[in-house]
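Structure first, commentary second.
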Amino acid sequence: MATPKRYIHDRLVLLLLTANTFFAILTSVLILLKLDSARTEAYIIQYRPSLGLSRYFRGNSLGILSFAVFSLLVLVFHTILSARVYPVRRHLAITILAMGLLLIILSLIISYSLLLLR
């Protein structure tokens, strides 16, 4: 599928694409820098405050790495989806990119806070 020329030249689309890319890469880099190869089962991957004393669930580093993969997948899928929708509705494409930015920022906040809990 060819990307429409107007899609690439739209300033708001470029701003959202840049922000999505920056935060997805930031999420991946921060997660990779905080991982410790010596610890295999020492990461908190879930926090459920309604369970009382057993509210922390531990897991391996693959559970934390899934946050980085998630942010990169959100970046790719929301970019492709917005590029396909842009010729039909510009505002819908911008909304898709904005929701992708929200998901990436939320995954950054949650993954970093879980890494700080260990």
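The side chain to side chain contact (heavy atoms under 4.5 Å, CB included) check on Ile109 picks up Ile105, with sequence neighbours excluded. Leu14 pairs by the side chain to side chain contact (heavy atoms under 4.5 Å, CB included) definition with nothing, not counting sequence neighbours. Under the rule for a side chain to side chain contact (heavy atoms under 4.5 Å, CB included), the partners of Arg90 that lie at least two apart in sequence or sit in another chain are Asp10, Leu12, Tyr86, Ile94. A search for side-chain hydrogen bond (donor to acceptor under 3.5 Å, both in side chains) contacts involving Thr27 returns nothing, not counting sequence neighbours.
Residues in residues 62-73 take part in no salt bridge (Lys or Arg N to Asp or Glu O under 4.0 Å) pair, two or more places apart or across chains.
For the atom pair CG (Leu115) and CD1 (Ile64), the distance works out to 4.5 Å, reported to the nearest 0.5 Å. The CG atom of Leu30 sits 9.0 Å away from atom NZ of Lys34, with the distance rounded to the nearest 0.5 Å. Taking CG of Asn20 as the start and CG of Leu16 as the end, the distance is 6.5 Å to the nearest 0.5 Å.
Cluster partners of Leu106 are Leu102, counting Ile, Leu, Val, Met, Phe, Trp and Tyr whose side-chain heavy atoms approach within less than 4.5 Å, directly or via other members. Applying the 4.5 Å side-chain rule to ILVMFWY residues, one finds that Leu62 remains a lone member of its cluster. Cluster partners of Val29, by chain and number: Ile25, Leu33. The rule joins Ile, Leu, Val, Met, Phe, Trp and Tyr whenever side-chain heavy atoms lie under 4.5 Å apart.
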In a table with atom names and distances, give each donor-acceptor pair under 3.5 Å that connects a side chain of residues 69-80 to protein atoms at least two apart or in another chain.
from, atom 1, to, atom 2, distance (Å)
Ser71, OG, Ala68, O, 2.8
His78, ND1, Ile96, O, 3.0
Thr79, OG1, Leu75, O, 2.6

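Residues Leu65 and Leu32 are in side-chain contact: their nearest non-hydrogen atoms beyond the backbone lie under 4.5 Å apart.
Each of Leu103, Thr18, Leu108 was compared with Phe23 under the side-chain contact (heavy atoms from CB on, under 4.5 Å) criterion, and only Leu108 meets it.
What you find for Ile31 and Ser111 is that their closest heavy atoms are CD1-OG, 3.6 Å. Here the shortest heavy-atom pairing between Ser66 and Gly63 reads OG-O, 2.5 Å.
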Q) Stepwise, does the side chain to side chain contact (heavy atoms under 4.5 Å, CB included) test hold for Leu17 with Tyr7? A) CA-CA 11 Å; Leu17 283 174; Tyr7 180 77; 4.0 Å; yes
